[in-house]
Amino acid sequence: QHVLSEPVQAFDRELVELRGAQEGARLVALGFEAVASGSAKFKVFDAHCDGEPLLLVAQRVALARGPDVDPTRIAVSSALSTVAIGLSTGILHLWRGRDLSRE
């Protein structure tokens, strides 16, 4: 049996992509906030808490300046030890740690 939780406003401008990690216990979202013009972020949520998913980490993705520079993809390792974000310019950003939902 499944339970639908309340919707979560992960970003106030645009959600680019969403991935699961740690066997569905964590959700990693890539998107844009309206207040930080031109600044993308990835956010890690705890998906197993009661109620709406709990935000654990928000990390800014520094983008090169230019109108055509956008994050296009996010990849997350199953243990959430690596997050990779690809940009439309071919640049790849990597974050590494034992568990990026705790840093």
Side-chain angles (χ1 to χ4, degrees):
Q1 180 174 328
H2 295 77
V3 176
L4 180 64
S5 70
E6 291 296 316
V8 175
Q9 185 73 44
F11 299 94
D12 54 10
R13 190 173 119 202
E14 178 184 358
L15 173 64
V16 175
E17 194 166 9
L18 182 66
R19 296 288 180 177
Q22 294 179 340
E23 297 181 12
R26 302 287 187 257
L27 296 174
V28 183
L30 174 63
F32 289 94
E33 301 288 5
V35 294
S37 177
S39 179
K41 287 185 178 181
F42 75 82
K43 296 181 180 183
V44 180
F45 293 90
D46 180 350
H48 280 190
C49 63
D50 290 333
E52 70 178 42
L54 175 67
L55 177 64
L56 301 174
V57 174
Q59 175 66 51
R60 184 176 175 272
V61 178
L63 300 177
R65 297 191 186 272
D68 297 327
V69 180
D70 289 316
T72 57
R73 295 283 184 259
I74 186 169
V76 181
S77 66
S78 61
L80 199 54
S81 59
T82 304
V83 173
I85 296 176
L87 305 181
S88 58
T89 57
I91 293 172
L92 180 66
H93 289 277
L94 291 174
W95 285 265
R96 295 182 204 148
R98 286 193 300 223
D99 181 348
L100 292 170
S101 67
R102 296 179 184 206
E103 293 182 5

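Nearest heavy atoms, A84 versus L92: CB-CD1, 4.0 Å. Counting all heavy atoms, side chain and backbone alike, L30 lies closest to R73 at CD2-O, 4.0 Å. Closest non-hydrogen pair, A47 versus G24, comes out as CB-O, 3.6 Å. When every heavy atom of K41 is checked against every heavy atom of E33, the shortest pair comes out as CD-CG, 4.2 Å. Between P53 and V8, the closest heavy-atom pair is CD-CG2, 3.2 Å. Minimum heavy-atom separation, A34 to D12: N-OD1, 2.6 Å.
Between V83 and Q59 there is no side-chain heavy-atom pair separated by less than 4.5 Å. Residues V61 and W95 form a side-chain contact, since some pair of their non-hydrogen atoms from C-beta on lies under 4.5 Å apart. Side-chain contact between I91 and H93 is present, with at least one heavy-atom pair separated by less than 4.5 Å.
Taken to the nearest 0.5 Å, the CG atom of L27 stands 11.5 Å off from the CG atom of L55. In this structure, the separation between CD on Q22 and OG on S77 is 8.5 Å, given to the nearest 0.5 Å. Here H48 contributes atom NE2 and R26 contributes atom CZ; the two are 8.5 Å apart, rounded to the nearest 0.5 Å.
The hydrophobic clustering, which links ILVMFWY residues whose side-chain heavy atoms are closer than 4.5 Å, places V57 and L80 together.
In this structure a side-chain-to-backbone donor-acceptor pair under 3.5 Å is present from R19 to I74.
Screening V76, I85, V16 for a side-chain contact (heavy atoms from CB on, under 4.5 Å) with F42, the sole residue that qualifies is I85.
Both the sub-6.0 Å distance and the 45° axial angle are satisfied by K43 relative to the ring of F11.
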